[in-house]
Amino acid sequence: MKETELRQLLNDLTLDEKIGQLVQLPGYFQNAGAVTGPAADMGLTEEDLRLAGSYLSIIGAEKIRKLQTEFMARHPHHIPLLFMADIINGYRTVFPIPLAQGCTFDPELVKQGAAIAAREAAAAGIHVTFSPMADLVWDARWGRVMESTGEDPYLNAQMAAAMVRGYQGDSLEEKGRIAACLKHFAGYGAAEGGRDYNTAELSVRTLREDHLPAYQAAVDAGCEVVMASFNTLDRIPSAANEWLLKEVLRKEMGFKGMVISDWNALEELLAHGIAADQKEAAFIALRAGVDMDMTSPIYIRNLKKLVEEGKVPEQWINESAWRVLRLKNRLGLFERPFRDADEGEEKAVLLSDGHRQAARECAEKSFVLLKNEDQMLPIRGDEAAFIGPYVDHPYLNGAWSIFADDQDTVTVRAALARHPRTRNVPTAPGCPISDPDQPVLGFQQPVAPDSCDPEEALKEAVDLAKKADKVVLCLGEHRECTGEAASRGDITLPKCQLRLLDEIARANKNIAVVLFGGRPLDIRPLKEKAKAILAAWLPGSEGGNAVVRTLLGESDPSGRLSMCFPWCVGQLPVHYNHLNTGRPFRGDYHAARFGSKYQDIPNEPLYPFGFGLSYTGFAYSSVKLSADSMTKKQRITASVTVTNTGSREGTETVQLYLHDLAASVARPVRQLKGFRKVKLEPGESREVAFVISEDMLRLYDLSMRFVSEPGEFEVFIGPDSATDNRARFTLLDEAR
Ligand code: GLC
């Protein structure tokens with residue numbers, strides 16, 4: 001529709017009809033016309049349902065086509081509904097969780113995965129996905145770390161932009177595209193104590209320096225929607241934060257699309273204690289710039305009264321309704337209200353071989369080899385026994401894979417049975433996946449405990465271990481231990497699994513652990529007792545095949561940690577890009593007693609950001625700089641030569657970090673500013689060069705200007721964030 005016609009449509013709408021566009025109803029109001037139990041509970045009327053702007057979590061071509069048809073027939077102006085859903089890491093073909101996708105350090109691969117998710121979801125009738133989740137995460141107690149691409153602003157920015165481009169393509173007119181909704185704006189991952197929905201206490205400088213870059217990248221990539229987060233920033237919930245949603249998001253970051261609240265977040269303004277009643281909540285949220293109210297009765301029940309009482313200018317309603325209509329128009333819904341919803345297309349694309357293969361490749365590239373002594377991996381196949389609850393568990397999808405079917409997941413055991421080199425290997429569960437006294441709290445209800453008898457299972461497993469040359473232990477948290485509302489104060493493995501590890505280690509020293517789960521855990525016992533550790537995260541529909549291919553050496557583990565594994569929960573939050581403090585502590589306790597440290601644990605994590613091994617090895621030359629100083633207009637090229645020192649090909653992720661030694665504000669000890677994946681044959685060397693430009697040196701100075709400051713900088717180039725391969729250069733002070 002032409003913009004002039006859209007403007008005319010807006011002008012023709014009554015106040016009720018405009019307010020209706022600002023309302024998203026939950027999917028369980030499926031029978032669009034009838035006021036069912038939940039709708040009645042929300043005090044909604046037939047009229048409310050008739051005028052709504054969007055539905056959440058309804059999916060399926062046939063259902064959506066039917067609902068859209070009925071709905072448009074009843075709407076006075078036949079305005080189509082927006083159908084939105086959480087397609088976080090795939091729709092029916094499930095990809096690794098985003099935290100694992102971050103470990104690929106491969107934005108192009110992540111973009112392809114998003115494009116496949118879009119193709120499947122579009123065929124199923126979805127218009128908008130609530131992804132990318134670009135929240136920075138430094139605290140593994142927070143269950144939603146699984147949904148983020150990790151602890152680094154630069155990596156998250158690359159990944160958020162890649163996902164937006166994968167979902168939206170070059171144009172939403174293209175077949176198989178859906179609009180992206182960036183979330184959760186802003187700083188949701190900084191929840192105090194890692195406790196979901198908790199307060200986020202961030203300085204403006206930390207918000208801008210560490211949290212905003214990934215959101216900015218998604219906006220720059222053209223995301224059509226932004227979701228305001230649940231949390232407070234500066235004691236103001238995002239859904240009520242006019243500075244955040246208008247000054248920062250729209251004026252500074254240039255976002256022109258639609259802002260939606262998170263689930264029922266407008267009603268939660270009362271619990272936050274910043275609205276005395278629903279009417280005040282409606283006023284505050286609309287004033288702040290929330291265009292669409294996700295599943296709460298606040299807008300639908302209160303905006304009309306506020307306008308009639310002269311407390312809300314109708315212009316505010318018009319502006320938000322305009323952004324909703326504009327989104328529908330950009331999606332072409334007025335001409336094509338069903339867009340790509342098509343049952344034939346669904347059958348053709350959902351879980352297609354090509355999609356499965358892409359999911360498997362992404363999983364393989366997301367695995368991080370944390371330890372590999374005595375050439376424990378890769379295995380031949382027949383010399384190993386596979387033991388552990390994750391050998392046969394189908395729960396390899398992340399907690400947000402709410403539309404997928406676990407029956408479509410290839411388990412480790414199923415993959416073993418298919419592969420000629422492992423089809424006869426013995427397997428045993430060894431123990432339940434979770435402790436009987438610690439029921440796993442699922443999304444909807446507690447997860448049924450495993451049926452295996454712990455004592456019998458343990459005995460069977462130990463007997464197997466005694467007979468095998470090697471043991472592959474498949475361990476990890478249940479997938480429902482991460483995701484929304486899944487924060488944990490204890491990030492150790494379940495006791496039953498730790499007992500299994502102990503007993504197996506007594507029977508056989510040659511243990512390789514494949515670790516599943518949605519967060520970095522305290523895995524010191526694994527490091528102590530296993531010769532090899534492969535972090536497989538929650539690898540999705542093809543997880544079993546990806547694991548077996550990797551263990552057999554048919555795929556080389558090339559993932560690098562997108563989030564560090566802490567020494568223990570006491571270190572949290574922990575991240576590599578920390579400040580130096582006035583008492584940096586390096587090493588000996590008594591030599592620097594009054595350093596910034598703990599008495600009982602180290603400062604460094606067990607495995608740092610960016611870390612990962614391959615089946616081969618890599619050597620780095622020292623860092624070479626094209627010059628030892630530069631003006632703001634000049635550039636310096638920093639390079640290393642990387643050599644594959646092993647006997648098989650491998651892929652290394654060469655990482656560039658910069659450190660501003662002295663500035664007007666304290667600077668992180670290093671920040672990722674670039675990475676390059678290089679595949680090298682045995683013995684092959686390659687020079688890897690990075691161009692350093694002035695924009696990479698900028699910071700928010702004392703006046704909050706984003707500028708570079710003359711002075712000394714260190715350049716680090718190496719295999720991970722702990723590399724000491726460094727050189728120095730000076731940014732010249734041209735004022736002198
Ligand atoms: C949830 C989540 C958000 C999700 C939304 C819709 O509460 O916070 O990430 O997109 O509701 O399901």
Under 3.5 Å: donor-acceptor pair, side chain of [X], backbone of [Y]:
X      : Y      : result
His419 : Val548 : no
Asn372 : Gln375 : no
Glu151 : Leu136 : no
Thr411 : Ala414 : yes
Asp720 : Gly612 : no
Asp435 : Cys496 : yes
Asp196 : Ala485 : yes
Ser296 : Asn264 : no
Asp135 : Gly187 : no
Asn156 : Gly150 : yes

Review point. Should Val391 and Val472 be marked as a side-chain contact (heavy atoms from CB on, under 4.5 Å) after you check the CA-CA gap, both sets of side-chain angles, and the distance that decides it?
Key: CA-CA 9 Å; Val391 170; Val472 175; over 6 Å; no

From [X] atom [atom1] to [Y] atom [atom2], the distance as rounded to the nearest 0.5 Å:
X      : Y      : atom1 : atom2 : result
Leu534 : Cys474 : CG    : SG    : 9.5 Å
Asp453 : Glu460 : CG    : CD    : 11.0 Å
Ile491 : Thr482 : CD1   : OG1   : 12.5 Å
Tyr607 : Leu370 : OH    : CG    : 5.5 Å
Leu493 : Leu515 : CG    : CG    : 6.0 Å
Met84  : Tyr55  : CE    : OH    : 14.0 Å

Under a 3.5 Å threshold, yes or no: a donor from one side chain and an acceptor from the other, between [X] and [Y]?
X      : Y      : answer
Asp522 : Trp567 : no
Asp490 : Thr492 : yes
Ser131 : Tyr167 : yes
Tyr576 : Asp152 : yes
Arg144 : Tyr188 : yes
Arg560 : Ser614 : yes

Check your understanding: Does the side chain of Val368 reach to within under 4.5 Å of the side chain of Pro557, using non-hydrogen atoms?
Key ->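 No, their side chains stay 4.5 Å or more apart.
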
Would you call [X] and [Y] a salt bridge, using N to O less than 4.0 angstrom?
X      : Y      : result
Asp406 : Arg479 : yes
Glu652 : Lys677 : no
Asp382 : Arg423 : no

Practice item. May I ask you to check if Lys365 and Trp537 form a cation-pi contact, with NZ or CZ under 6.0 angstrom from the six-membered ring centre and within 45° of the axis? Key: no

Point to revise | Lys470 to Phe386 six-membered ring, cation-pi geometry met (6.0 Å, 45°) | key: no

Looking only at heavy atoms, what is the nearest atom pair of [X] and [Y], with distance?
X      : Y      : answer
Gly610 : Gln655 : O-NE2, 3.0 Å
Thr199 : Thr232 : CG2-OG1, 3.5 Å
Ile58  : Gly27  : CG1-CA, 3.6 Å
Thr149 : Met163 : CG2-CE, 4.0 Å
Gly125 : Phe83  : O-CB, 3.8 Å
Arg421 : Leu552 : NH2-O, 3.2 Å

Listed by chain and number, what are the side-chain contact (heavy atoms from CB on, under 4.5 Å) partners of [X], not counting sequence neighbours?
X      : answer
Ser562 : Leu99, Cys103, Leu155
Ala507 : Val462, Ala465, Lys466
Glu364 : Arg360, Ala546, Arg549, Thr550, Ser555

Point to revise | Any residue meeting side chain to side chain donor-acceptor pair (under 3.5 Å) with Asp408, in chain and number order, not counting sequence neighbours | key: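 Residues passing side chain to side chain donor-acceptor pair (under 3.5 Å) with Asp408: Arg92.
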
**Study point:** Results of side chain to side chain donor-acceptor pair (under 3.5 Å) for Asn545 - residues two or more places apart only
**Key:** Glu542

Review point. Is there a side-chain contact (heavy atoms from CB on, under 4.5 Å) between Asp262 and Lys183 once you walk through the steps?
Key: CA-CA 9 Å; Asp262 204 334; Lys183 69 186 184 183; over 6 Å; no

Practice item. In sequence, state the C-alpha distance, the side-chain angles, and the governing distance for His184 and Phe230, and then conclude on ring pair (Phe, Tyr, Trp, His ring centres under 6.0 Å). Key: CA-CA 8 Å; His184 305 80; Phe230 288 124; 7.1 Å; no

Enclosure of [X] [atom1] (heavy-atom neighbours >12, cutoff 6.0 Å):
X      : atom1 : result
Asp353 : CG    : no
Gln357 : CD    : no
Arg141 : CZ    : yes

Practice item. Evaluate the ring planes of Trp138 and His575, with Trp represented by its six-membered ring, and classify them as parallel (under 30°), tilted (30 to 60°) or perpendicular (over 60°). Key: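 Parallel, since the angle between the ring planes stays under 30°.
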
Exercise for review: Measure up the His393 and Tyr390 rings against each other and bin them: parallel (under 30°), tilted (30 to 60°), perpendicular (over 60°).
Suggested key: tilted

Review point. What pairs meet the side-chain hydrogen bond (donor to acceptor under 3.5 Å, both in side chains) rule with one or both residues in residues 496-505, with sequence neighbours excluded?
Key: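 Non-adjacent pairs meeting side-chain hydrogen bond (donor to acceptor under 3.5 Å, both in side chains): Glu455-Arg499, Asp502-Lys529, Glu503-Arg506.
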
